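Order of appearance sets the numbers: ligands from 1, and atoms from 1 within every ligand. Along the sequence shown, the residues carry numbers beginning at 1. The model shown is predicted, which means the values in this text are computed figures rather than measured ones. When reading the values below, keep in mind they use all heavy atoms of this one structure, side chains included, and skip hydrogens, waters and symmetry mates.
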Amino acid sequence: MLLTPGPTPVPEFVRKAMADVTIHHRTPEFEKIFKETRELLLEIFDMPEAVMLASSGTGAMEACVTNLTHKKALTINSGKFGERFGKICQAFDIDFTEIKNEWNTPVSVEAVVEAIKADPSIDAIFIQICESAGGLRHPVEQIAAEVKKINKDIMIVADGITAIGVEKVDTTNLDAVITGSQKALMLPPGLSMIGLSNEAVDKINTKPAGYYLNLSSEIKKQKTNTTAYTAATTLIIGLREILSNIKNNGGFEALYEKTALRASSTREALRAIGCEVYPTSPANAMTTIYSENSPAIRKILKTKYNVNIAGGQDHIKTSIFRINHMGLVEDFEASWVINAVELAMDELGLREFDGTANKVFASNMFKGN
Ligand SMILES: *Cc1c(COP(=O)(O)O)cnc(C)c1O
C-alpha cells in the first residue's frame, strides 16, 4: 500500500487510458484531447489561463520565477520546497529576499506585509499553499488579499503541488498556481501545470523569458490547443482521464470534502494514541507526526503491514513520518494505516494496543452517516 505524499498510486483506469498506442501531437485527434484537458484544468484552477509543461513540478516553479520576477522576489521558506524558490533565484541571479521559519511554522500575513512595505522593489512573492516538507498550510489567500490591497502589481505565485486536487483554493488574488502530475492528480511524474491570472499573462508577455520554459510562447500555442514543443501526450491523456473521472463521480467539491474528513479523522485518531501532529497549521494533503521513533515505526509498517509511508528530509529526516491523504484514497486504507501505527507503537513498547486509533477514526469519519 503506497501512502506517501507523492508519488501517489496511479489508478487502474488511468493506467489503461495511457496504455494505448502513442499518437502524434500535431494532429486534430490530439488537439481535441488537449482542448478537453485544458478546459478541465481551467475549471480546477478556477483561473482564466493555464499551461501544461513537460517537466516535473520544479520546472513549473522555475518557469514562474524566471517569467514573473522582473525586479526582486520574496520567497517564503518554511521547508524544503519554499527553500527551492530561493535556490532557483540564485541559479538565475535573480535578486530575492526570504522569510524563513521552522518547518512546522507557517509564515504570518504580517511578516509578508512588513517585507513588501520595507522593500518596494519586490514584484513577485513565491509561496507554497501546502509546504510538503512538514505538511503545513500557509495562509496564502489571506496574504494575497492583503498584498493586493497594498500593491496589486505584485505577483502572487502559489505552489499548489500538494493543494490542487486536495482542497478548494480561492484563486481570486493569485496570479500563478502551480501543480504537478504525481501528487494529488495521481499520474506518473513528468507533467506540470500552471494556472494564470490575466495580469500574470500580461506581465509574462511584456518581457518573455527563457527558451524551453518560456511561458509567453507556451501561452500563445496552448491557447490554440497545441504546445510549443512536443507535448507529453501520454500524461495529458492520463490527466484528462483523472480529471473527467473526478468530475463525473461526484465532482471536485465532493473529493475535497472527503479528503478533509479523512485528514481530520486521521489526525484525531493519531492524537488519541498520543501522537504529536507536527505542523501548527496542518494541511489536508497529509498528516505529519513528530516522533523520534519514526524510522522504527515506518520499518514495522513496511515489513509487517505492507504500508509505505514517508519520513522527513534534512534536519527532520528521522523525526517525522507523513501519511498521504491526496487522491482517491479508500477509507479502509486510512483505517489500516492508523491501526498499523497503533500496533507498531505497541510493538515498540510505547503504548499498549487497545484499538483506540480505529475507534476514533471511525467515529469521526462515519458519524455523519
Ligand atoms: C513535490 C513537490 C514539489 C516538487 O515537485 P517535483 O515534481 O519533485 O519537481 C514542489 N513543491 C511541493 C509543495 C511539492 O510537494
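Within ligand 1, the atoms closer than 4.0 Å to a non-hydrogen atom of Gln182 are 6 (P), 7 (O), 8 (O), numbered from 1 in the order shown. Close contacts of ligand 1 with Ser56, meaning ligand atoms under 4.0 Å from a residue heavy atom, involve 6 (P), 7 (O), 9 (O). In summary, the atoms of ligand 1 found under 4.0 Å from a heavy atom of Arg84, numbered by their order in the structure, are 4 (C). Against a heavy-atom cut-off of under 4.0 Å, Thr162 is close to the following atoms of ligand 1: 13 (C), 15 (O). Ligand-side atoms of ligand 1 in range of Met61: 10 (C), range being under 4.0 angstrom from any heavy atom. Residue contact check: Ser132 has heavy atoms under 4.0 Å from atoms 12 (C), 13 (C), 14 (C), 15 (O) of ligand 1. For ligand 1 and Cys130, the ligand atoms under 4.0 Å from any heavy atom of the residue are 13 (C).
In terms of polar-atom proximity, defined here as any N/O pair under 3.5 Å, Lys183 does make such a contact with ligand 1. Residue Phe81 has no nitrogen or oxygen atom sitting less than 3.5 Å from a nitrogen or oxygen atom of ligand 1, judged on distance alone.
Relative ring orientation between Trp103 and His315 is described as perpendicular, the plane-to-plane angle rising above 60° on a 0-90° scale split at 30° and 60°. Ring planes of Tyr290 and Tyr278: parallel class, angle under 30° (limits at 30 and 60°).
Other residues, nucleotides and ligands contribute over 12 non-hydrogen atoms within 6.0 Å of the CD atom of Gln142. Lys148 NZ: more than 12 foreign heavy atoms inside a 6.0 Å radius. No more than 12 heavy atoms of other residues, nucleotides or ligands shown are found within 6.0 angstrom of CD on Glu352. When the shell of 6.0 Å around NZ of Lys168 is examined, it contains more than 12 heavy atoms from other residues, nucleotides or ligands.
Residues Ser216 and Asn205 bring a donor and an acceptor atom of their side chains to less than 3.5 Å of each other.
At distances below 3.5 Å, at least one donor-acceptor pair connects side-chain atoms of Asp123 with backbone N or O atoms of Lys71.
Of all the heavy atoms of Thr58, the ones lying under 4.0 Å from any atom of ligand 1 are found in both the backbone and the side chain. At a heavy-atom distance under 4.0 Å, no atom of Pro5 approaches ligand 1.
Residue Glu131 places every heavy atom at 4.0 Å or more from ligand 1. Not a single heavy atom of Ser192 sits under 4.0 Å from any atom of ligand 1.
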query: Which is it for Asp354 and Asp346 under the side chain to side chain contact (heavy atoms under 4.5 Å, CB included) test, yes or no, and what are the steps along the way?
result: CA-CA 9 Å; Asp354 60 4; Asp346 181 279; over 6 Å; no
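Atom 11 (N) of ligand 1 has Asp159 OD2, 2.6 Å as its closest protein atom, hydrogens excluded (heavy atom only).
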